[in-house]
**Q** 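Before anything else, here's the structure in question.
Quick note on labels: first sequence line is chain A, next is B, and so on, each numbered from 1.
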Protein chains: 2
Amino acid sequence: MRYEERFESVLKSAATVFARRGYQRASIRDVAKAAGMSVAGLYYYCKSKEELLFAVCYHSFDVLLQSLHRSLKGVSDPKEQLHIFIVNHFEYFLTYVEAMKVVSHEAGMLTGEFDARVTEIKRQYYLRCQQIVQLLLGEPDAESPRLRTTTLALFGMINWVYTWYRPGRDEDAKGLADGMTELFLHGVGPQAAVGNGQEVGNDGEREARRGAG
Amino acid sequence: MRYEERFESVLKSAATVFARRGYQRASIRDVAKAAGMSVAGLYYYCKSKEELLFAVCYHSFDVLLQSLHRSLKGVSDPKEQLHIFIVNHFEYFLTYVEAMKVVSHEAGMLTGEFDARVTEIKRQYYLRCQQIVQLLLGEPDAESPRLRTTTLALFGMINWVYTWYRPGRDEDAKGLADGMTELFLHGVGPQAAVGNGQEVGNDGEREARRGAG
DNA sequence: TTACCGTTCGATCGCTCGCTCGAAAACACA
DNA sequence: TGTGTTTTCGAGCGAGCGATCGAACGGTAA
């Protein structure tokens, strides 16, 4: 009981430190300090640094997937499914920013069994999303390249958010999800069809620093 | 002359090693070995490991931006501009996969002046893209949240590619760019409007491992 | 040949890393 | 109180890190 609580707090500290410094650069000493214990004490709760990264990643996908299944239960309209998928993603994202940043950015550092298990649960998440996109496209072939590309484009849109999102400046999960859903369903909109050649001033250069590359 | 050639080959080796192992995990000894020289010899061409990362990132954006400006010259149709932007991005991406992976994944590790300079050139790239999206949206306000979100969604789509692209399996730059342009302009298509509740089998689970998180 | 200079390297520095150990502290229950 | 278990830690291991230094190499011009 006490152990479980302490372990979760260790995971949270690890997520924070890994998110801030990057998995490689973050030292086990940083994590220990953040968790308020000694290095040796930290190792009472994990076998290795990599296991910490694994735990953060796996736990994140686990919660994300369970929440998704719960929210999608009984919903049959593909457009609604899409919206729910995106909302669910962003809500988890905004609640556990650090963990999601680690998942998005550092999961690839895992090796062996850790890698295999995270890859597997990631794949479940991907496939659930692909099912939705398949319905949207009216695509009969699950192996279709277009289905793959489109699904991965959607993942790009929503996963990239961790590189630029700023609480306060940007909308909340719901608003962001609405915008992205609309964009994915209908594109930038009918205005796109005009083809006028007017130039636009380059004001508004403030605060575009992140997320561009 | 000889120096320049050697330096570029060092950059290329650095990009490869950083892409494969990650910047932090990659040691200066790995880079030296890949470049075919000793550690001390490598330091004749750079002042620090971080300077190597900076050089890779900055050089990439430099080439990308110059190529973009060249391609956009004289084009006034926003839709055509968008297509050119995406094609340019993917063509560079597929030609210099390693460098682009480093740029996308590791540029955030830079600090101080290195960070400032890469952030600045990244911002130029972002703003050029934002201009195009602004035309497409018919958006008068350059500070509009919608403009920001939409532009960054586009960046997400095209930047995420490095996590899943596989030569051979996936389309070439042109094909990929056509698909993404179409998706960004018009969404998943009119089929999306039906709202039918039909279920879809979960075949096609092979090879979805990457890019999902 | 000699002198020069851009280039390369072996050896090594000081430091931090992930991780471990045996002992002690904190706790639970008698 | 004493006893056994769970949790914590100071000290330190070997390895690898980024970076440096003075010496030596190799081509060129006199």
**Q** Given A/Tyr162, which partner from the list A/Glu98, A/His105, A/Lys101 fulfils the side-chain hydrogen bond (donor to acceptor under 3.5 Å, both in side chains) test?
**A** A/His105
**Q** Centroid-to-centroid, A/Phe90 to A/Tyr165, below 6.0 Å?
**A**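 Judged by ring-centre distance (under 6.0 Å), A/Phe90 and A/Tyr165 do not meet the cut-off.
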**Q** Phosphate oxygens OP1/OP2 of D/dT8: is one of them under 4.0 Å from a side-chain N or O of A/Arg6?
**A**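 Yes, such a contact exists.
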**Q** Regarding B/His89 and B/Tyr125, is there a side-chain donor-to-acceptor distance under 3.5 Å anywhere?
**A** yes
**Q** Examine B/Arg117 relative to B/Tyr58 and say whether NZ or CZ is less than 6.0 Å from the centre of the six-membered ring and inside a 45° cone about the ring axis.
**A**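 Checked: cation-pi criterion met.
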**Q** In whole angstrom, what separates B/Arg25's CZ from D/dC17's P?
**A**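 It is 11 Å, rounded to the nearest whole Å.
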**Q** Just how far, in rounded Å, is P of D/dG16 from CD of A/Gln24?
**A**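 These atoms are roughly 15 Å apart.
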**Q** Find the distance A/Glu4:CD to D/dT6:C1' and express it as a whole number of Å.
**A** 14 Å
**Q** When the distance from OH of A/Tyr3 to C1' of C/dA28 is rounded to whole Å, what number comes out?
**A** 19 Å
**Q** Counting heavy atoms not belonging to A/Tyr92, are there more than 12 under 6.0 Å from its OH?
**A**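 Result for OH/A/Tyr92: enclosed.
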**Q** Scan residues 28-58 of chain A against DNA chain C and write down, sorted by residue number, each residue with any heavy atom closer than 4.0 Å; if none is found, say none.
**A** A/Ile28, A/Arg29, A/Val39, A/Ala40, A/Tyr43, A/Ser48, A/Lys49
**Q** Answer with yes or no after comparing the ring centroid distance for B/Tyr126 and B/Phe155 against a 6.0 Å cut-off, counting only values under it.
**A**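 Between B/Tyr126 and B/Phe155, the centre distance is under 6.0 Å.
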